Peer 1: 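Below is one structure. I have some questions about it.
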Amino acid sequence: QVQLVESGGGSVQAGGSLRLSCAASGLRHRYSTYCLGWFRATPGSGRARVAGIGPGRTSTLYDDSVKDRFTISRDNANSMLYLQMDNLKPEDSATYYCAADDRGASCYHLFMSAGLSDWGQGTQVTVTS
């Protein structure tokens, strides 16, 4: 059973920065082969995509709402996923989840549909104005 544990959430003023981390364990395959992503949800809403990164580490995807403010990255040697969030806005407030998938399907389609197979429990981010 793959376990994903997010950390780094908290409360920050608008314009500030946070760095989220996601530690993976119980992997079925090499971490480098996983499609990875960050998603977020607010009460009453479904999970919305934020950023994704493909197995090759070179391909990244961002939702338009976070493009040029957030940066996704991965450390394959340590099975870690990161999300650097800069210039945060109150509308970024949400519970942030990391997700992983090793089934070999299109990472683009998995990200766009939020269809990754394994999910963490989430970390709360609150941005105050």
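Since we're looking at a predicted model, the values are computed, not measured.
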Peer 1: Any donor and acceptor pair, going by atom type alone, linking the side chain of Arg74 with main-chain N or O of Tyr34 inside 3.5 Å?
Peer 2: yes
Peer 1: So, the side chain of Ser73 versus the backbone of Leu83: is there a donor-acceptor pair under 3.5 Å, distance only?
Peer 2: no
Peer 1: Classify the ring geometry between Trp119 and Tyr97 as parallel (under 30°), tilted (30 to 60°) or perpendicular (over 60°).
Peer 2: perpendicular
Peer 1: One pair to check against side chain to side chain contact (heavy atoms under 4.5 Å, CB included): Tyr108 and Ser59. What are the steps and the verdict?
Peer 2: CA-CA 9 Å; Tyr108 173 82; Ser59 59; over 6 Å; no
Peer 1: Evaluate the side chain to side chain contact (heavy atoms under 4.5 Å, CB included) criterion for residues Arg103 and Leu110: first the C-alpha distance (whole Å), next the side-chain angles of each, then the deciding distance (0.1 Å), finally the verdict.
Peer 2: CA-CA 10 Å; Arg103 294 174 291 177; Leu110 288 172; 3.7 Å; yes
Peer 1: Between Ala94 and Gln124, which heavy-atom pair has the shortest distance, and what is it?
Peer 2: O-NE2, 3.4 Å
Peer 1: Between Gly37 and Leu81, which heavy-atom pair has the shortest distance, and what is it?
Peer 2: O-CD2, 3.8 Å
Peer 1: I want to check something: taking the side chain as every heavy atom from C-beta on, are Arg28 and Ser117 in contact at a cut-off of under 4.5 Å?
Peer 2: yes
Peer 1: Between Tyr82 and Thr71 (side chain of the first, backbone of the second, donor and acceptor by atom type, cut-off under 3.5 Å), is there such a pair?
Peer 2: no
Peer 1: Linking I/L/V/M/F/W/Y whenever any side-chain heavy atoms sit under 4.5 Å apart, do Val50 and Val127 land together?
Peer 2: yes
Peer 1: Tell me which one of Asp63, Asp86, Asp92, Asp64 satisfies salt bridge (charged side-chain N to carboxylate O under 4.0 Å, His left out) with Arg69.
Peer 2: Asp92
Peer 1: Under the 3.5 angstrom rule, does the side chain of Tyr31 hit a backbone N or O of Met80 as a donor-acceptor pair?
Peer 2: yes
Peer 1: What about Trp38 and Tyr62, same hydrophobic cluster or not, with Ile/Leu/Val/Met/Phe/Trp/Tyr joined at side-chain heavy-atom distances under 4.5 Å?
Peer 2: yes
Peer 1: So, does Glu6 use its side chain to make a donor-acceptor pair with the main chain of Cys98 at under 3.5 Å?
Peer 2: yes
Peer 1: Any non-hydrogen side-chain atom of Val125 less than 4.5 Å from a side-chain atom of Leu20?
Peer 2: yes
